[in-house]
Amino acid sequence: CKEETKYRIGVSQCSNDDWRTKMNEEIQREIMFHPEATVEIRSADDSNEKQIADIRYFADNGFDIIIAAPNEADAITPVIEEVYDAGIPVIVFDRNINGDSYTAYQGVDNVGIGKSAADYARHLLPDGGNVIEIHGLAGSTPAVGRHEGFAKEAELKGMNIIASAYGNWNYEDAAIKVDSLLNIYEDVDLIYAHNDRMAIAASDVARKHGKDIRIIGIDAAPEIGIKAVADSVIDATFLYPTEGYRIIRTALNILNGRPYEREKILPLSSAVDLSNADILLLQNESLMEETSKIKYLKSQVDDYWNRHSAQTSLFYAMIII
Ligand code: FRU
């Protein structure tokens with residue numbers, strides 16, 4: 001008979017955007033294959049307070065495991081420590097906390113991505129040049145790593161970071177910052193933004209200023225970043241893996257007492273630029289196609305079970321009468 005739900009998984013996303021939408025879809029796709037588990041995903045919409053409330057909601061409502069991408073490390077560490085110390089397993093992903101009060105971590109080497117971005121910048125500017133860096137949110141760990149890796153490598157490769165500002169991971173803040181920096185600095189060869197939304201903002205603003213500036217972002221979520229490369233809005237982006245399916249499998253391994261990797265650092269990829277953007281978009285289209293077929297099959301199976309259990313109840317009701 002249909003398996004009963006054994007496990008409830010709570011996912012606390014710090015934000016709601018193209019990258020997280022992709023990850024949430026992967027999570028929902030994976031959970032379809034595990035009828036013993038359900039998942040609830042909440043977005044904190046970039047608010048530390050809301051994320052603290054979301055994590056407490058999962059804990060107070062008896063969720064079996066909490067998966068969280070902390071908005072800012074300092075603000076979110078205490079609540080993660082609180083639920084972890086209370087005995088609820090916690091998987092931290094993407095953005096990290098301070099310390100290691102978690103059951104597992106899944107993330108990416110952000111210093112490595114920053115370094116790859118600097119290598120690519122050098123490829124775009126063989127004679128070196130002037131760079132503006134647009135950071136993510138100050139208190140979020142990927143912004144720290146992406147800066148560190150880039151700055152060290154850029155200096156070695158003869159590039160000058162002449163100015164930098166926080167774009168807080170979003171288009172609007174980045175656009176305002178780039179606008180004021182381009183009013184101050186005449187001679188800018190390249191803008192390195194810590195994600196694609198901010199890179200696209202930089203490109204729009206540079207165009208408004210009538211400037212031809214090379215632009216690099218990070219994430220490579222198909223509908224935003226890869227498309228921006230394919231449309232020549234930005235020059236390159238770097239894949240920041242989401243791997244939603246993997247985090248669900250780790251959660252189920254933890255819940256079922258099976259072995260799991262405590263620190264999973266996902267591998268880095270090479271740059272996405274005009275040489276491969278179209279093929280990656282095509283691959284994504286086939287993936288979307290397959291996903292919609294899986295969703296259709298799943299709805300058929302659910303339908304079958306619902307009808308079957310309605311008939312079974314009717315059958316028992318008739319026997320009792
Ligand atoms: C999405 C995002 C990504 C970025 C990541 C860093 O919310 O801003 O664009 O790569 O978070 O944590």
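Atoms within a ligand are numbered from 1 in the order they appear, just like the ligands themselves. Just so it is clear, the values below take in all heavy atoms, side chains as well, and ignore hydrogens, waters and symmetry mates.
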### Query
Any side-chain heavy atom of R146 within less than 4.5 Å of one from Y192?
yes

### Query
Can an N or O of N195 be found at a distance shorter than 3.5 Å from an N or O of ligand 1?
yes

### Task
Verify, without hydrogens or angle tests, whether T77 (side chain) and N98 (backbone) share a donor-acceptor contact under 3.5 angstrom.
yes

### Query
Side chains of T250 and R246: is there a donor and an acceptor less than 3.5 Å apart?
no

### Query
Is the shortest N/O to N/O distance between D219 and ligand 1 below 3.5 Å?
yes

### Message
With a 4.0 Å cut-off on heavy atoms, is S140 in contact with ligand 1?
### Response
no

### Task
May I ask you to test the N276-D273 pair for a side-chain heavy-atom distance under 4.5 Å?
yes

### Query
Would you find a donor on one side and an acceptor on the other, under 3.5 Å apart, between the side chain of E25 and the backbone of T291?
no

### Message
Taking distance alone, with N or O pairs closer than 3.5 Å, would you say W19 contacts ligand 1?
### Response
no

### Message
Evaluate R20 for polar contact with ligand 1, using N/O atom pairs at a separation under 3.5 Å.
### Response
yes

### Query
Does D17 reach ligand 1 with a nitrogen or oxygen that is under 3.5 Å from one of the ligand's nitrogen or oxygen atoms?
yes

### Query
Under 4.0 Å from any heavy atom of R197, which atoms of ligand 1 are there?
1 (C), 2 (C), 8 (O), 9 (O)

### Query
In terms of ring plane angle, is the pair H135 and H194 parallel, tilted or perpendicular, where the classes change at 30° and 60°?
tilted

### Per-residue contact class, R146 against ligand 1 - non-hydrogen pairs under 4.0 Å
side chain

